[in-house]
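We number each residue from 1, following the sequence as shown.
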Amino acid sequence: MTLVVIIQTCVAIKKTGVIDMAGARLTKFEMQLMETLWTRGEASIREMQEAFPEKKRPGYTTVQKMVYRLEEKKVVRRVLKLGNFHMFA
C-alpha cells in the first residue's frame with residue numbers, strides 16, 4: 001500500500017510539479033525548502049537559502065516569499081525571533 005502511494009506521488013510530481021501535503025499543495029521549490037526544515041529541524045530564511053547549491057541558489061527575497069507562502073498554508077510556523085530574523089519549523 002505504501003509503495004503505491006509513493007509511486008502515485010512521484011507520478012503527480014512529474015506531471016504537475018505539485019505535491020499535495022496535508023491538504024496543502026506544494027511546488028517542487030516549496031518541497032526543497034521543507035526538506036531543509038526536516039533535515040535541520042529549525043532554520044532561518046538565510047539558512048534555507050544557503051542550503052541550495054551555489055550555482056542554482058535562489059535570491060534571499062525569493063526564499064523569503066516562499067517561506068511566507070508556506071506559513072500562510074500553515075505548513076511551517078515561526079518558532080523564534082532572534083534580532084531581525086525569525087526561525088521557522
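Heavy-atom minimum distance, Val63 versus Met48: CG1-CB, 4.1 Å. When all heavy atoms of Arg40 and Ala51 are compared, the pair lying nearest together is NH2-CB, 4.1 Å. Smallest separation of non-hydrogen atoms from Lys73 and Arg25: NZ-O, 2.6 Å. Residue Ala89 comes nearest to Val79 through the heavy atom pair CB-CG1, 3.6 Å, listed as atom of the first residue, atom of the second, then distance. When all heavy atoms of Gln32 and Phe52 are compared, the pair lying nearest together is OE1-CE2, 3.5 Å. Residues Tyr60 and Gln49 share a closest heavy-atom pair of N-NE2, 3.2 Å.
The CG atom of Asn84 sits 12.0 Å away from atom OG of Ser44, with the distance rounded to the nearest 0.5 Å. Distance CE/Met31 to CD/Glu35: 5.0 Å, rounded to 0.5 Å. Note: Ile45 CD1 to Thr61 OG1 = 10.0 Å, rounded to the nearest 0.5 Å.
Side chains of Phe88 and Leu70 form no contact here, defined as non-hydrogen atoms less than 4.5 Å apart. Between Val75 and Arg69 the shortest side-chain heavy-atom distance does not fall below 4.5 Å. Lys55 places none of its side-chain heavy atoms less than 4.5 Å from the side chain of Pro53. Met66 places a side-chain heavy atom less than 4.5 Å from the side chain of Thr27. Using a 4.5 Å heavy-atom threshold, the side chains of Tyr68 and Arg78 count as touching.
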Kindly determine whether Phe85 and Gln64 satisfy side-chain contact (heavy atoms from CB on, under 4.5 Å), including the steps that lead there.
CA-CA 11 Å; Phe85 67 92; Gln64 181 180 37; over 6 Å; no
After noting the C-alpha distance and the side-chain angles of Leu82 and Met87, does the key distance pass the side-chain contact (heavy atoms from CB on, under 4.5 Å) rule?
CA-CA 8 Å; Leu82 297 170; Met87 297 294 288; 4.2 Å; yes
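Atom CZ of Arg77 is surrounded by 12 or fewer heavy atoms from other residues, nucleotides or ligands within 6.0 Å.
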